[in-house]
2 protein chains.
Amino acid sequence: MTAPVRRAGVPEATVGRLPLYLRALTALLDQGITSISSEELATLAGVRSAQVRKDLSHLGSYGVRGVGYDSEQLSAQISQELGLTQEWPVAIVGMGNLGRALAAYGGFTGRGFRIVALVDDDPEVVGTVVEGLTVTTLTALGTSGTAVAIGVITTPAPAAQTVAEQLVLLGVRSILNFAPGHLVLPDGVDVRGVDLATELQILAFHEQRRLLAISTHDPLVADVDAGPDCDLGRGALG
Amino acid sequence: MTAPVRRAGVPEATVGRLPLYLRALTALLDQGITSISSEELATLAGVRSAQVRKDLSHLGSYGVRGVGYDSEQLSAQISQELGLTQEWPVAIVGMGNLGRALAAYGGFTGRGFRIVALVDDDPEVVGTVVEGLTVTTLTALGTSGTAVAIGVITTPAPAAQTVAEQLVLLGVRSILNFAPGHLVLPDGVDVRGVDLATELQILAFHEQRRLLAISTHDPLVADVDAGPDCDLGRGALG
DNA sequence: ACCTGTGAACAGCTTCACAGCG
DNA sequence: CGCTGTGAAGCTGTTCACAGGT
């Protein structure tokens with residue numbers, strides 16, 4: 001095993017696919033499969049094999065020519081790259097249906113994340129126990145001294161901007177925002193947004209194109225879907 | 001008003017941003033603002049102004065030089081482009097926490113989408129009324145003859161593939177998958193995936209980079225965040 | 001024979017900079 | 001003058017095709 005020489009920067013697009021590979025590898029390890037080729041991994045992740053090789057080459061050379069990759073070693077390598085060898089403390093703000101759904105989702109714990117706080121501002125909800133954690137307020141969270149690395153916002157849209165600013169004041173620099181709208185925050189704060197409406201609208205666009213293509217009998221316009229499969233993220237939550 | 005000459009194809013990246021513009025425009029119209037420049041729209045959507053102009057140019061020339069865009073006309077144009085002038089029937093499969101959260105989210109109705117069916121396979125849940133709709137099974141949905149254009153999968157991961165295949169058999173060709181893992185479906189079916197774990201892992205990657213940059217006092221590695229703001233999708237759900 | 005790792009070609013997207021028009 | 005619309009430049013990401021190992 002050679003020294004893991006850290007390359008300069010892993011491309012953003014590659015970072016977005018590492019979780020896919022990691023999930024596939026985890027499933028394989030559960031089945032006791034210890035070796036995998038780029039072709040097989042590509043099938044499981046829904047990308048092309050050349051893409052897998054290029055992506056993994058950015059982490060260093062951990063494959064064996066003529067054989068493939070060692071599942072366990074590769075899994076460990078990707079985990080380290082993604083920073084999952086430590087546990088990041090996560091706070092969920094907004095205990096509506098969605099917040100509860102995320103709190104109940106077990107996929108975090110032991111996989112690099114731990115929910116350390118559930119937050120709401122409704123006096124009816126604050127103090128109640130959800131999934132073993134007592135719901136608190138943002139101000140109480142601030143004075144408690146609990147460290148939070150990642151904030152998940154599941155509040156109604158109007159509250160999101162204020163909540164985000166308060167999270168930043170608490171030292172949070174990574175935010176996952178489920179509320180619609182663009183958050184304006186200081187440089188250095190990383191925001192990712194997930195929006196149901198946006199996703200549906202993109203699907204509607206393609207759906208409409210398909211219908212138009214059929215009604216005009218124009219087969220050329222029918223190649224609406226991208227490549228082998230069209231995905232950006234993955235799905236979670238039972 | 002000139003004839004709306006349909007350009008060949010709107011780039012996929014542009015399609016992904018049209019919902020952002022539409023949301024911003026909707027907010028502006030609520031405030032009674034009837035005109036907007038690319039600069040302002042860019043700020044609201046969290047992109048650059050040149051990007052806005054390039055994107056909108058793909059829909060045709062609806063701006064006025066020296067002035068800007070007419071909010072209402074632009075909103076209507078984007079809505080039409082995204083296929084929101086009709087109502088797409090949506091079925092949500094999986095009535096767990098997340099499925100209920102999505103069912104309760106009002107942002108669909110009247111905005112291009114209508115939830116026509118809630119589906120689960122648990123006999124305890126089937127037949128109960130959620131948000132005014134009686135929960136049904138996939139097979140019952142099939143025999144009912146209810147048309148479904150878009151299927152939203154909020155089941156546990158192991159059920160997702162089978163559910164997706166059944167949806168396709170019902171004629172669904174657009175699927176929004178919240179379950180983790182890659183769905184293998186026939187060509188022509190459009191799948192979009194949303195996964196909490198993936199999003200968190202991407203945030204963890206950047207968070208780790210930041211910490212490494214600080215600990216090694218290397219300011220060059222600190223420019224972790226992309227451009228003005230780092231977003232792919234938007235957020236919804238109270 | 002097989003599969004990885006990678007330079008090179010290619011495709012798509014973003015940003016620039018300015019011409020064109022109100 | 002102000003702002004749109006757009007060719008051109010530059011950049012990022014993907015795919016190809018094959019050299020390099022085992």
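The sequence lines fix the lettering, A, B, ..., with proteins before strands; numbering per chain opens at 1.
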Just how far, in rounded Å, is [atom2] of [N] from [atom1] of [X]?
| X | N | atom1 | atom2 | answer |
| --- | --- | --- | --- | --- |
| B:D55 | D:dT6 | CG | P | 13 Å |
| B:L18 | C:dC13 | CG | P | 13 Å |
| B:H58 | D:dG7 | NE2 | P | 10 Å |
| A:L41 | C:dC3 | CG | C1' | 13 Å |
| B:I36 | D:dG2 | CD1 | P | 18 Å |
| A:Q51 | C:dC10 | CD | C1' | 14 Å |
| B:E39 | D:dC1 | CD | P | 18 Å |
| B:L20 | C:dT14 | CG | P | 12 Å |

field: CD/A:Q86: more than 12 non-hydrogen atoms of other groups inside 6.0 Å
entry: yes
Pairs under 3.5 angstrom only: tabulate donor-acceptor contacts from the side chains of residues 157-169 of chain A to other protein residues two or more places apart or in another chain.
| unit_1 | atom_1 | unit_2 | atom_2 | d |
| --- | --- | --- | --- | --- |
| A:Q161 | OE1 | A:V184 | N | 3.0 |
| A:Q161 | NE2 | A:E165 | OE2 | 2.7 |
| A:Q161 | NE2 | A:V184 | O | 2.9 |

Shortest side-chain distance from [X], nucleotide among [options]:
| X | options | result |
| --- | --- | --- |
| A:S37 | C:dC3, C:dG5, C:dT14 | C:dC3 |
| B:E12 | D:dT15, C:dC13, C:dT14 | C:dC13 |
| A:Y69 | D:dT4, C:dT4, C:dT14 | C:dT4 |

- prompt: Where each pair must be Watson-Crick or G-U wobble with both distances under 3.5 Å, what dot-bracket representation of DNA chain D is obtained, with crossing pairs in [ ] and other-strand partners as |?
  reply: ||||||||||||||||||||||
task: Take nucleotides 16-22 of chain D nucleotide by nucleotide from the 5' end and write B, S or -, depending on whether a protein heavy atom sits under 4.0 Å from the base, only from the sugar-phosphate, or from neither.
output: -B--BBS
message: A:R111: which residues meet the salt bridge (Lys or Arg N to Asp or Glu O under 4.0 Å) condition with it, sequence neighbours left out?
response: none
Salt bridge (charged side-chain N to carboxylate O under 4.0 Å, His left out) contacts in which one or both residues fall within residues 55-64 of chain B, not counting sequence neighbours: B:R17-B:D55
- prompt: Which residue pairs pass the salt bridge (charged side-chain N to carboxylate O under 4.0 Å, His left out) test with at least one member in residues 25-43 of chain A, sequence neighbours excluded?
  reply: none
